[in-house]
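Have a look at the structure below before the remarks.
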Amino acid sequence: MQWTLVIPLKPLARAKSRLADTAADGLRPGLALAFAQDTVAAALACQAVKDVAVVTDDALAGRELSALGARIVPDTPGSGLNAALRHGATAVRVSRPESAVAALNADLPALRPLELSRVLDAAAEFPRAFLADAAAVGTTLLAAAPGSELAPAFGPDSRARHAASGAVELRPADVESVRQDVDTGADLRTALALGVGPRTAAVAARLLIPGQ
């Protein structure tokens, strides 16, 4: 099974506010863009991925991610993360109703294509499935097989909410890069230790991060 990934990205000027103690205001938008670029590039290099749709209204992000090969879907609802994901999944299935669709976070700068493939192959066994984040509280990937609605419930405690919605929690081994989203300075240090993509590495090199 090949998947279309739907990746939501809020306007860069408002992205990653919890990194304020690590990256100054002038660097955070560039860091958020770098996260998204490395996430999209790794996703497109995954053999289980047919294509990537990024839901965003940010003009710069749209240009940069389109240049990598992503389809850009305007965030027409403008009503937050879950509305953006529903809109993106619908846009994908207008032309391909039987598409397998998975929502993926835009802040996975250490993402490895082979690890993503393991997760998607595991998800193919179920109508709906999700992968918890490294903190075991949130969700980094939510998958819907052909014929199943995505029904995203991202936000606080999304791991519990996705489980309550009937999605199966995936527990594949050795997929740390797919679990490691970046919201805080500690998350960024962990991602750097895993090994981030080149764009994130270039921006992170301008930050004063202990241990790097």
Side-chain angles (χ1 to χ4, degrees), residues 4-46 49 51-85 87-88 91-92 102-113 115-116 133-134 138-141 152 154-155 177-209 212:
T4 293
L5 302 186
V6 179
I7 298 178
L9 182 63
K10 68 172 61 175
L12 298 176
R14 296 194 283 108
K16 296 300 157 194
S17 60
R18 292 171 61 191
L19 281 169
D21 62 344
T22 302
D25 290 348
L27 288 178
R28 281 203 309 280
L31 195 58
L33 176 58
F35 291 168
Q37 288 173 302
D38 286 333
T39 299
V40 168
L44 288 169
C46 175
V49 174
D51 53 10
V52 171
V54 176
V55 183
T56 188
D57 276 339
D58 191 285
L60 173 60
R63 289 194 300 272
E64 295 295 330
L65 298 174
S66 177
L68 292 176
R71 171 188 175 184
I72 305 303
V73 177
D75 185 5
T76 305
S79 300
L81 176 58
N82 291 310
L85 287 170
H87 174 64
V92 167
L104 184 72
N105 288 11
D107 57 352
L108 299 168
L111 186 64
R112 293 180 172 85
E115 294 184 15
L116 177 58
D133 64 10
T139 304
T140 57
L141 180 142
F154 285 85
S177 76
V178 196
R179 296 184 186 276
Q180 190 56 61
D181 55 353
V182 177
D183 289 317
T184 67
D187 294 337
L188 179 55
R189 287 188 286 273
T190 301
L192 290 168
L194 285 174
V196 297
R199 299 163 187 85
T200 301
V203 179
R206 299 164 60 188
L207 306 176
L208 297 177
I209 301 177
Q212 297 300 318

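Since the structure is predicted, the reported quantities are computational estimates derived from the model, not experimental observations.
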Test side-chain contact (heavy atoms from CB on, under 4.5 Å) applied to L44 - qualifying residues, sequence neighbours left out: V40, V52
Mind jotting down which residue pairs meet the salt bridge (Lys or Arg N to Asp or Glu O under 4.0 Å) criterion with at least one end in residues 29-45? Sequence neighbours excluded, please. D38-R199
Smallest heavy-atom separation, A43 atom then L5 atom, equals CB-CD1, 3.6 Å
Using the salt bridge (Lys or Arg N to Asp or Glu O under 4.0 Å) criterion, which residues pair with D107? Sequence neighbours excluded. K16
Search all heavy atoms of A84 against all heavy atoms of D75 and return the closest pair with its distance. CB-OD1, 3.8 Å
Heavy-atom side-chain contact between T56 and P8 under 4.5 Å: no
Side-chain contact test, heavy atoms from C-beta onward, threshold under 4.5 Å: evaluate it for T39 versus N105 and give yes or no. no
State, with a plain yes or no, whether a side-chain heavy atom of L104 is found less than 4.5 Å away from one of L111. yes
Specify the closest pair of heavy atoms between P29 and A13, including all atoms of both residues, with the distance to one decimal. CG-CA, 4.3 Å
Looking at P74, is its backbone amide N or carbonyl O close enough to the side chain of D57 to form a donor-acceptor pair, meaning the two atoms are under 3.5 Å apart? no
Please name the pair of heavy atoms, one in A204 and one in L31, separated by the smallest distance, quoted to 0.1 Å. N-CD1, 4.5 Å
Sole candidate of V203, L19, L33 that passes side chain to side chain contact (heavy atoms under 4.5 Å, CB included) when paired with R28: L19
Are D181 and T140 close enough that a side-chain donor and a side-chain acceptor fall under 3.5 Å? no
Interatomic distance, R18 atom CZ to T184 atom OG1 [nearest 0.5 angstrom]: 6.0 Å
Shortest non-hydrogen contact from L9 to A106? CD1-CB, 4.1 Å
Is it the case that D187 and T190 place a side-chain donor and acceptor less than 3.5 Å from each other? no
Would Q37 and L65 count as a side-chain contact (heavy atoms from CB on, under 4.5 Å) here? Give the steps. CA-CA 6 Å; Q37 288 173 302; L65 298 174; 3.8 Å; yes
Between V49 and L116, is any pair of side-chain heavy atoms under 4.5 Å apart? yes
So V55 and L85, side-chain contact (heavy atoms from CB on, under 4.5 Å) or not? Walk me through it. CA-CA 7 Å; V55 183; L85 287 170; 5.9 Å; no
Answer whether the closest heavy-atom distance between the side chains of H87 and T76 falls below 4.5 Å. yes
Are any non-hydrogen side-chain atoms of D133 and T139 less than 4.5 angstrom apart? no
CA sep, side-chain torsions, deciding dist, call: R112, L194, side-chain contact (heavy atoms from CB on, under 4.5 Å): CA-CA 10 Å; R112 293 180 172 85; L194 285 174; 4.2 Å; yes
Is there a donor-acceptor pair closer than 3.5 Å between any side-chain N or O of E115 and the backbone N or O of S177? yes
So, does S79 use its side chain to make a donor-acceptor pair with the main chain of P77 at under 3.5 Å? yes
Close side-chain approach of L188 to F35, heavy-atom, < 4.5 Å: yes
